[in-house]
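Notes for the one structure printed next.
Chain letters run A, B, ... following the sequence lines, proteins first, then strands; residues in each count from 1.
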2 protein chains.
Amino acid sequence: MGDRRNQPGTGLHDPVLDKLGLAIASGELPEGHVLNLDGIQERFGVSRTVAREAMRVLESMGLVRSRRRVGITVRPIAEWNVFDPKVIWWRLAGPGRNAQLRTLTEMRVAVEPVAAAAAARAAAPGQRARIVELAAVLRRLGEAGDLAEFMERDVEFHALLLRASGNEMFGALADAVGAVLRGRTQLGLMPHRPVPEALDLHEAVAAAVASGRADDAETAMRALLTEVRQAVIPG
Amino acid sequence: MGDRRNQPGTGLHDPVLDKLGLAIASGELPEGHVLNLDGIQERFGVSRTVAREAMRVLESMGLVRSRRRVGITVRPIAEWNVFDPKVIWWRLAGPGRNAQLRTLTEMRVAVEPVAAAAAARAAAPGQRARIVELAAVLRRLGEAGDLAEFMERDVEFHALLLRASGNEMFGALADAVGAVLRGRTQLGLMPHRPVPEALDLHEAVAAAVASGRADDAETAMRALLTEVRQAVIPG
DNA sequence: TCCGATTCAAAAGTATTACCTTTCAATGGG
DNA sequence: CCCATTGAAAGGTAATACTTTTGAATCGGA
């Protein structure tokens, strides 16, 4: 997620969309708030066309609903496409950051074990090899105490597993999981040094995936996430 | 999902978006295929504005990328926002239906146990009561062999659990899970009559959620899904 | 007077059209 | 082989007309 800055695809990001999306996701424009096209045109100094395009995209994300004679109304979060990468990004960038990290973590806890099992069944040979390699790299970095590099490789490890699962829905979560991993360290929720047990479990997951033992991969991943799981349960 | 009929905003924009989305999701317009605005205008007999709005939305879903001088290119599925309800819907409506049901089922298997645990912690009193009530209704309908009504209540049961989890990401999957449940019966993947074990497990989940036993809820839900799980593993 | 039905005009999005501006892949000459 | 030119296609602005919605004013009967 964090590395979409070059944006070769999305073109020069429509700043209007970004600012409005952020304003809504942050709660600055609360549920029920009504905007209108003229207001958007004026607020951002853009033409009607651009204002409408931004509005349409927000509408397709479920953030607003446009109705004649009424205007553009901000919808409740239950209507949002909360899996849309942009929505996730906006929520992470605002005061809802913490709540977003929590729900995303819970999602991880649910998905990653099953994704690991699927990867054990479906991963391509090159992916299996890379996963094993990454587990070894993680051990080295963990024992050396290189936290920053450890995190980057950890992100790669989890993202690769999700993408190797053969389930494009799991794969679509890879960037979000990366954001969670990075977010956790930023919030100081990570142990100052990876515990040996975690290093063992990364290797266990990798070995199980490499040799196609789906159940073992799932079990090991579940164990790897037990610690994470505590962070989700408010207490 | 299935009930998006109401839309009062019968815009001219939606049909274009829908047809293009379907054409892409169905593979009729394969990855790499290049469209252009003039082509869309002509194909659907709409103005440039409408064509552009539809294109923008498709772009925000990751289905296409618009680049100057090149045109509008269909992107690979790995770039799609596969959690977008519209994308799910389009895939279910086309020849990818089966693959979509498979990945969605796998998603269910991953998410529902954790969602059940979360619901046991977070559900509102009214939701707990309704879940218990639904489990009882399911037993009655199941034993009476009323398959059609059983399915509708089952959809409600699972959707409510997801929404009661307190995790809006889980809640956002409720409609999709409903589509899977309905899709499974349409494909004849369901037992002709709910097995007694399933009825017991629905009640076990409900009881655990009602009394806040998160671990039990998770375990029971996982058991409930074991049968479903077999359908995911090809072979 | 009061109350319900009808009418009407304003508000706001929807859609079309015309016309510039910017980008950048392709091309072709040096 | 490199670099300047060029033209296709998207990006964006502006003016204008249309349609839907809704709330208020109006009107007629009890």
Q: Please test A:R184 against A:L101 for side-chain contact (heavy atoms from CB on, under 4.5 Å), starting from the C-alpha separation and ending with a verdict.
A: CA-CA 8 Å; A:R184 265 163 52 88; A:L101 282 176; over 6 Å; no
Q.
Quick test of your reading of the model: are A:E53 and B:R52 salt-bridged, counting only N-O distances below 4.0 Å?
A. yes
Q) Rounding to a whole Å, what distance do you find between B:L37:CG and D:dG12:C1'? A) 12 Å
Q) Does a side-chain heavy-atom distance below 4.5 Å link B:I24 with B:W80? A) yes
Q: Provide, to the nearest angstrom, the distance between the CD1 atom belonging to A:I72 and the P atom belonging to C:dA12.
A: 11 Å
Q: In whole angstrom, give the distance that lies between atom CZ of A:R69 and atom P of C:dT14.
A: 15 Å
Q | Gap between atoms CZ and P, on A:F44 and D:dT13 respectively (whole Å) | A | 13 Å
(Q) Is B:R68 close enough to C:dT21 that one of its side-chain N or O atoms is under 4.0 Å from OP1 or OP2 there? (A) no
(Q) Over 60° means perpendicular and under 30° means parallel, so tell me whether B:F83 and A:F83 are parallel, tilted or perpendicular. (A) parallel
Q) With respect to the phosphate group of D:dA9, does any side-chain polar atom (N or O) of B:S66 fall under 4.0 Å of OP1 or OP2? A) no
Q) Looking at side-chain heavy atoms only, is the closest gap between B:E156 and B:E152 below 4.5 Å? A) no
Q. Can any side-chain N or O of A:Q127 pair as donor or acceptor with the backbone N or O of A:A124 at less than 3.5 Å?
A. yes
Q. Of B:V70 and A:D38, whose closest DNA chain C nucleotide lies nearer the 5' terminus?
A. A:D38
Q: Can you tell me the distance, in whole Å, between the CD1 atom of B:I40 and the P atom of D:dA9?
A: 13 Å
**Q.** Contact residues, residues 47-54 of chain A to DNA chain C [heavy atom, < 4.0 Å]
**A.** A:R48, A:R52
Q | NZ/NE/NH1/NH2 to OD/OE distance under 4.0 Å, A:R48 and A:D38 | A | yes
**Q.** Distance, rounded to the nearest Å, where A:D14 contributes CG and D:dG12 contributes P
**A.** 6 Å
Q) Rounded to whole angstrom units, what separation is found between the CD atom of B:Q41 and the P atom of D:dA9? A) 12 Å
**Q.** Gap between atoms CZ and C1', on A:R65 and C:dG13 respectively (whole Å)
**A.** 14 Å
Q: For D:dG12, take OP1 and OP2 only and decide whether either is under 4.0 Å from a side-chain N or O of B:R56.
A: yes
